[in-house]
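Input: a single structure, listed below in structure tokens.
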Amino acid sequence: MSDDAVLSFRFRLSHGAFQVALAHDMRLAGITALFGHSGSGKTTVLRVLAGLESRADGHIAFDGAVWQGEQPRRSFVPPHERAVGYVFQDARLFPHLTVAGNLAFAESRSRNRAAVSNFETVVGRFDLEPLLERRPESLSGGELQRVAVARALLARPRLLLMDEPLSALDTPRKAEILPYIARLPEQFGVPVIYVTHSVDEVAYLADEMIVLSKGRKVADGPVGETLARLDLGPATGRFEAGVVLKATVVGHDTEYRLTRLDLGGAQIEVPMLDAAPGARVRMRLRARDVILATKRPEQLSSRNIIEGRIVEVVEEPSTPFAETLVEIPGGLIRARLTRRSVADLGIAPGVAVFALVKSISLVGGIIAVKS
């Protein structure tokens, strides 16, 4: 496969009264999130790309190869000839085989002998050595999904499709497996399309994202830019609305267990990170964790006060709330206010403000940037 392969698709598929209709061209590099609420059509898109929905009408091409052609001369490449790996919500391992047996079976069916995903490499990078002689019934949820991802890689796919693989896991198990998924493109040279309805997973994993609603694409682009859009509230979820910012580690305050980050001119303090000065990190900052003031506050417990300027205000007349977009050094942040606060403070585009961010609100929301 060439670097940054292009995936192009346009198709329609109906399930009763519900129809998924999508057209998109994407240059695959890293992890692309396919995001939307339950019932938005995410899994259907993944199944169509994998060749598991032969009723879909349309055109699909990957890295120059046509997987499906349109009528009247319809062509269709079956799933096993597409060299696509698929990780389901449930692990779907063979219960009668050990972990080693499941992995060996996948490797034996691979047609792509040039890939770097050999047995020893995959076992080592997914820390599976202690599990090899165990059967699926004895594994935890996180262990099952690690094995499922490893099995998909040993089929040596040219594209890896992941359908909400963490949806059945609790928060600690999700935290265990997310780093393994984040490293997939770098370690194995395979692009990933990752289906999720979790903004946190998008912020942690993805470089690009496509937002679906009611079977249609409503937005696409880099994760940071897309999550910052105020018009996508109904599709992305107002409660979890926010942005992803990139920052550089400046130093650590070991006495108070804090780390100083530079956002591109503005510095903030966060709970101490396991990252050396100079390291690049990215952080998810939710709109509901930002407070705005039109004068610099004093004598506050919040130590992060960032100067900015209002870029956009979107009021929601049927609710008490308004969404604001604020330009700060190094990027944009969102703040969710009441409409009354907007009126009382005179919040409008161009107004200078101070954004207050509590350090504790960033716990668990900062990760190392993938190189």
Side-chain angles (χ1 to χ4, degrees), residues 1 28-34 43 46-47 49-52 79-80 82-170 172-196 198 201 204-206 367-368 370-371:
M1 184 181 70
L28 289 166
I31 298 177
T32 301
L34 193 58
T43 294
L46 226 60
R47 289 179 57 84
L49 296 179
L52 301 175
H80 66 278
R82 297 191 183 194
V84 169
Y86 202 118
V87 180
F88 296 87
Q89 293 182 24
D90 53 335
R92 302 196 183 186
L93 303 179
F94 294 121
H96 63 288
L97 296 179
T98 62
V99 168
N102 272 277
L103 299 179
F105 178 81
E107 187 174 41
S108 70
R109 295 177 62 83
S110 170
R111 298 186 177 192
N112 181 13
R113 298 300 173 185
V116 299
S117 308
N118 61 63
F119 190 94
E120 291 76 16
T121 298
V122 170
V123 167
R125 289 180 177 170
F126 280 84
D127 299 319
L128 298 180
E129 183 69 35
L131 309 181
L132 290 178
E133 299 308 314
R134 292 168 58 182
R135 293 188 185 275
E137 63 197 30
S138 70
L139 303 178
S140 69
E143 290 169 341
L144 283 169
Q145 286 302 81
R146 269 195 286 147
V147 176
V149 177
R151 182 183 61 177
L153 286 171
L154 282 171
R156 299 184 175 96
R158 302 169 66 211
L159 172 64
L160 186 60
L161 307 177
M162 307 187 75
D163 186 7
E164 301 206 57
L166 309 184
S167 61
L169 304 182
D170 58 24
R173 302 293 84 73
K174 287 182 180 180
E176 288 177 5
I177 197 171
L178 277 169
Y180 292 99
I181 297 174
R183 294 190 293 263
L184 288 174
E186 177 185 353
Q187 292 186 337
F188 297 99
V190 57
V192 177
I193 299 179
Y194 185 93
V195 162
T196 184
S198 166
E201 290 177 24
Y204 192 111
L205 295 172
I367 60 169
K370 295 172 289 181
S371 59

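In this structure, the side-chain contact (heavy atoms from CB on, under 4.5 Å) partners of A91, at least two apart in sequence or on a different chain, are L93, L144, Q145, A148. Applying the ring-ring contact (aromatic ring centres under 6.0 Å, His included) test to F88 and every residue at least two apart in sequence or in another chain returns Y86.
Side-chain contact between P179 and Y204 is present, with at least one heavy-atom pair separated by less than 4.5 Å. At least one side-chain heavy atom of V149 sits less than 4.5 Å from a side-chain heavy atom of L184.
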| said: Set out, in order, the CA-CA distance, both residues' side-chain angles and the distance that settles side-chain contact (heavy atoms from CB on, under 4.5 Å) for T43 and R47, then state yes or no. | reply: CA-CA 6 Å; T43 294; R47 289 179 57 84; 4.0 Å; yes
| query | Does the pair K174 and E201 meet the rule for a side-chain contact (heavy atoms from CB on, under 4.5 Å), with working shown? | reply | CA-CA 9 Å; K174 287 182 180 180; E201 290 177 24; 3.9 Å; yes
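For residues 126-148, the ring pair (Phe, Tyr, Trp, His ring centres under 6.0 Å) pairs, not counting sequence neighbours, are F126-Y180.
Judged by distance alone, with hydrogens and angles left aside, the side-chain atoms of R173 form no donor-acceptor pair with the main-chain N or O of G141 at under 3.5 Å. Between the side chain of R135 and the backbone N or O of H96 there is at least one donor-acceptor pair closer than 3.5 Å. With hydrogens and angles ignored, the 3.5 Å screen pairs a side-chain donor or acceptor of N102 with a backbone N or O of F94.
Contact check on E107 versus R156 returns a salt bridge, with a Lys/Arg side-chain nitrogen under 4.0 Å from an Asp/Glu carboxylate oxygen. Salt bridge E186/R183: absent, no basic N to carboxylate O contact under 4.0 Å.
With R146 as the partner, the side chain to side chain contact (heavy atoms under 4.5 Å, CB included) test is satisfied by one option alone out of I181, V99, L128: L128.
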